[in-house]
Amino acid sequence: DGGITQSPKYLFRKEGQNVTLSCEQNLNHDAMYWYRQDPGQGLRLIYYSQIVNDFQKGDIAEGYSVSREKKESFPLTVTSAQKNPTAFYLCASSIGVSNTGELFFGEGSRLTVL
Amino acid sequence: GIQVEQSPPDLILQEGANSTLRCNFSDSVNNLQWFHQNPWGQLINLFYIPSGTKQNGRLSATTVATERYSLLYISSSQTTDSGVYFCAVLSGSARQLTFGSGTQLTVLP
């Protein structure tokens, strides 16, 4: 089935460690996105990518990094510079970063920093 | 940037009741989506509806773009409808959807 797969679903990290969250899609979508959600809050955009080897910062990019070496994959690294990394992270994709691109989400990764 | 306001912030219903959720936005939009976030956190697409009316089973949505609002109707609500409903819009030359803060729906058995 076509879809977006995020892994791991749950992750625990010690302070000072970098962690990488995986996001893979087989929808043949050009655009991919990472969002962060804190408890009781809406979604905030971290990074997005319109095409391979290109990505743009969203509203809260500080302390995060991404890469887009393949169309299907858009991993997110939460670095030790991110002051409050405990959150729910959602990956999404759309046909393109255009005015008509419907967004689809993965199941999310829940990161807890101990 | 565009502002998106959802109302009500919280809604508690008895199973079988109907409800209307509202999304107001401050500028013209090219894209509007409704999502349901289930208790496990997954965001499920409900409607892609920049204008007009759509129906899917017990759910329907209407967007009146000229008046800058969208409505999500849930009829004969079930406990599985519980969760948070988000509206998200894309405006002008923006490259990202802007999300509202959501409506928390609780359906009691």
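Chain letters run A, B, ... following the sequence lines, proteins first and then strands; every chain starts at 1.
Residue pairs satisfying the ring pair (Phe, Tyr, Trp, His ring centres under 6.0 Å) criterion with at least one member in residues 9-35 of chain B, sequence neighbours excluded, are listed as follows: A:Phe105-B:Phe35, B:Phe35-B:Phe99.
Interface remark: A:Arg44 contributes no atoms to any contact with chain B (heavy atom separation under 4.5 Å). Contact of A:Phe104 with chain B is made through backbone and side chain together, with heavy-atom distances under 4.5 Å. There is no contact between B:Gln104 and chain A, counting heavy-atom distances below 4.5 Å. Contact of A:Glu107 with chain B is made through backbone and side chain together, with heavy-atom distances under 4.5 Å. With a 4.5 angstrom heavy-atom cutoff, A:Gln56 does not touch chain B via any of its atoms.
With respect to chain B, the highest number of heavy-atom pairs below 4.5 Å among A:Leu43, A:Leu45, A:Asp59 belongs to A:Leu43.
Between B:Pro50 and B:Thr63 there is no side-chain heavy-atom pair separated by less than 4.5 Å.
From A:Ser73, atom OG reaches atom NZ of A:Lys71 across 13.5 Å, with rounding to the nearest 0.5 Å.
Side-chain contact, B:Thr62 with B:Tyr73: no donor N or O sits under 3.5 Å from an acceptor N or O. Between A:Thr112 and A:Thr86, the side chains place no donor N or O within less than 3.5 Å of an acceptor N or O (distance only, hydrogens not considered).
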